[in-house]
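These numbers were taken from a predicted model, which means no experiment stands behind them.
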Amino acid sequence: MFVLELTYTAPLDAVDAVLPAHVAWLDEQYARGVFLASGRKNPRDGGVIIAVAEDRARIEEITAGDPFVTAGVCAYRVTEFAATKTAPALEPYRETPG
């Protein structure tokens, strides 16, 4: 499992100009089962996404395709973690402590 932290690197008007494409990209990742939750940070200087994928390389490939990244309006910080405890709805993503 991964925590993806987005930090805006451009003014909000530049971010908002790309927002519709970013939202469409988010929808694609949800449809593929990669993203579990997402939203804006408060204050609005970026966002957070909870994601699942086979490995970090795949997550980095996915985030590189974000319209925010291709437009140069955000940077990602990727944190991988083992979800050893979850809410019942996320049970399929739990990992056994090792």
State, with a plain yes or no, whether a side-chain heavy atom of Thr84 is found less than 4.5 Å away from one of Thr96. no
With the 4.5 Å side-chain cut-off for hydrophobic clustering, are Val15 and Leu26 part of the same group? yes
Decide side-chain contact (heavy atoms from CB on, under 4.5 Å) for Val69 and Trp25; before the verdict, give the C-alpha distance in whole Å, the side-chain angles of both, and the deciding distance to 0.1 Å. CA-CA 11 Å; Val69 172; Trp25 172 83; over 6 Å; no
To the closest 0.5 Å, what do you measure between CE (Met1) and CD (Glu80)? 11.0 Å
Hey, could you give me the OG1/CZ distance between Thr9 and Phe68, rounded to the nearest 0.5 Å? 10.0 Å
Flag, side chain of Arg77 to backbone of Val3, donor-acceptor distance under 3.5 Å: no
Side-chain heavy atoms of Tyr76 within contact of Asp66, under 4.5 Å: yes
d(Thr63 OG1, Arg56 CZ) to nearest 0.5 Å is 9.0 Å
Are side-chain heavy atoms of Tyr8 and Val73 found at a separation under 4.5 Å? no
Less than 3.5 Å apart, which donor and acceptor atoms pair up between the side chains of residues 35-49 and the rest of the protein, not counting sequence neighbours?
unit_1: Ser38; atom_1: OG; unit_2: Tyr30; atom_2: OH; d: 2.7
unit_1: Lys41; atom_1: NZ; unit_2: Glu5; atom_2: OE2; d: 3.0
unit_1: Lys41; atom_1: NZ; unit_2: Leu6; atom_2: O; d: 3.3
unit_1: Arg44; atom_1: NH1; unit_2: Asp16; atom_2: OD1; d: 3.3
unit_1: Arg44; atom_1: NH2; unit_2: Asp16; atom_2: OD1; d: 2.5

Supply the atom-to-atom distance Thr79 OG1 to Leu4 CG, rounded to the nearest 0.5 angstrom. 8.5 Å
Cluster question for you: counting only ILVMFWY and a side-chain heavy-atom cut-off of under 4.5 Å, with indirect links fine, are Phe81 and Val78 together? no
Nearest non-hydrogen partners of Ala10 and Gly72, listed with the distance: CB-O, 4.5 Å
side-chain contact (heavy atoms from CB on, under 4.5 Å) between Phe2 and Val52, intermediate numbers included: CA-CA 6 Å; Phe2 299 85; Val52 293; 5.9 Å; no
Which heavy atom of Val18 sits nearest to which heavy atom of Ala71, and what is that distance? CG2-CB, 3.7 Å
Can you tell me which residue pairs pass the side-chain hydrogen bond (donor to acceptor under 3.5 Å, both in side chains) test with a partner in residues 46-55, sequence neighbours excluded? none
How far apart are the closest heavy atoms of Thr70 and Ala64, and which atoms are they? CG2-O, 3.6 Å
